[in-house]
**Student:** 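Could you have a look at this structure, given as structure tokens, before my questions?
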Amino acid sequence: MKETLQMIPPVHELQHHPQFADIVKQTRLDTVQLTKQLKIVIEEIRKAILQGNWNGPLPGTAGFIEELFQLLLKSATKEFSFTLKRVINATGTILHTNLGRARLSKTAISHVVETAENYSNLEYRLDQGERGSRHSHIEALLTKITGAEAAMVVNNNAAAVYLVLRALAENKEVVVSRGQLVEIGGSFRISSIMKESGARLVEIGTTNKTHLYDYENAITPDTAMIMKVHTSNFKVIGFAETVPTAELVQFTKTLDDVIYYEDLGSGALFDFRQHGIGEEPVVKEVIAMGTDIVTFSGDKLLGGPQAGIIAGKKTFIDRLKKHQLARVVRVDKMTLAALEGTLLDYARGEKAIRNIPTIRDLLRSVNEIDERSHAFVTKLLQKTTIFEANIFPDVSQVGGGTMPEVQLPTMVIALRHQSLTAEQLSRKLRIEAKPAIIGRIQKDEFLLDLRTVSKEEEELILEALANIETH
Ligand SMILES: *Cc1c(COP(=O)(O)O)cnc(C)c1O
């Protein structure tokens, strides 16, 4: 045993092997890092030999060096690769929070790349040669699109809610209907964020019903704000009643120094109702009703980067911009670039809007998905006969806690593998396919919904399915 181990060449000798240089090139590691990795691999081989778990050629025999370098390449590649990886979302759920929510539009992506590669006028006024504000880049577009007097952007909508409450209602009372005290995925609770902000929550009404008189009775000299929260991932049906925004705005106007704030959650800038999808009002309408402030996410229905958008009356937005916490929750230049790119698409009109991936996927017709699914199955069966494939009608979700009641009609490709269960197939596609492919499992069938899959990704899926190994 000892003699076998002694046949492993010393590190300095292996370092001069041409394969070592090859791996340096392939992995773009420097020799110091690769040498560290080499030592780890040698140690693992020694251990395996000592424990009798070594199946490769023994040291000193033909093929050992080859095997060693192969293991080195594998372990170095694994050790020095991204853990945040691209995946193919074949679930049909458009705003899949676990898969990164919205994908960005081409305009947004190229703007991010240019902004990342170069210096920019992030906080510099080119016309005056003076210090400027990072809010300025987004504000003009946002006010144009939403009709608000002023706007600003923070890290995400959770931060937006927090900043609004902290800056405008600290130590004061905020009136919220009980039916709107929701928890949004990832344990974001309105009641908890309110507590953190230092604002005092005044709950009114019941889970299913809140009337205008409930608001009227809750107003005290300490009331700073009436807040309405979009219930997002939750919907009360049946015997339910809330006070419409327009009525609450009118009521708030009769009060002194009370702000009307609406957390819209998703905040649609595009009217999906016109396409028969959901009942989400566009932000512009909510602003036009006279709301003082609204907040919404950048990466939900809007289809941009993670961000929180605050829009409304200038006097309040100015106070928010000046607040110390604005700095704590401020966005970086890449987010601003991505958001500016996305908003420019909105400003450019219908054609550009339809190219925002979130919008495009939401509007994708069942006919298109059906045709693409049939073409996909035909191609698949030409490549391999190891699958049984069926196409049947199903529904895609919007996701991200957005429009939970909406079921988008779709077609799914249901795959059965000759020897693998749906569970095993799914695992292989997650772990072995590059990029990983995420689908759905239903009744021992693996489902692909092409709604969220691009043409280019279809080819990658076909490739991966044809190359499934079943050893
Ligand atoms: C999603 C959501 C949030 C949180 O937004 P993020 O951008 O994910 O931080 C807050 N409020 C409502 C109503 C939401 O739907």
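Order of appearance sets the numbers: ligands from 1, and atoms from 1 within every ligand.
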**Student:** If the condition is ring-ring contact (aromatic ring centres under 6.0 Å, His included), which residues does His111 pass it with, not counting sequence neighbours?
**Tutor:**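 With sequence neighbours excluded, His111 shows a ring-ring contact (aromatic ring centres under 6.0 Å, His included) to no residue whatsoever.
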
**Student:** List by chain and number: which residues place a heavy atom under 4.0 Å from ligand 1?
**Tutor:**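 Residues within 4.0 Å of ligand 1: Arg101, Asn156, Asn157, Ala158, Ile184, Phe188, His230, Ser232, Asp263, Gly265, Ser297, Lys300.
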
**Student:** Scan the side chains in residues 353-362 for donor-acceptor partners under 3.5 Å anywhere in the protein, sequence neighbours excluded, and list what turns up.
**Tutor:**
| unit_1 | atom_1 | unit_2 | atom_2 | d |
| --- | --- | --- | --- | --- |
| Arg354 | NE | Glu350 | OE2 | 2.9 |
| Arg354 | NH2 | Glu350 | OE2 | 3.4 |
| Asp361 | OD1 | Arg364 | NH2 | 2.8 |

**Student:** Is any side-chain N of the basic residue among Asp292 and Lys313 closer than 4.0 Å to the acidic one's carboxylate O?
**Tutor:**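 Looking at Asp292 and Lys313, the cut-off is met.
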
**Student:** Is there side-chain contact between Pro305 and Thr335, with at least one heavy-atom pair below 4.5 Å?
**Tutor:**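 The answer is yes, as the side chains (C-beta and beyond) meet within the 4.5 Å cut-off.
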
**Student:** Asp394 versus Asp449: any side-chain heavy-atom pair under 4.5 Å?
**Tutor:**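 Asp394 does not reach Asp449 side chain to side chain.
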
**Student:** Which residue pairs pass the ring pair (Phe, Tyr, Trp, His ring centres under 6.0 Å) test when at least one of the two sits in residues 263-291, sequence neighbours left out?
**Tutor:**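 Checked against ring pair (Phe, Tyr, Trp, His ring centres under 6.0 Å) - neighbours excluded - the pairs reaching residues 263-291 are Phe270-Phe272, Phe270-His275.
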
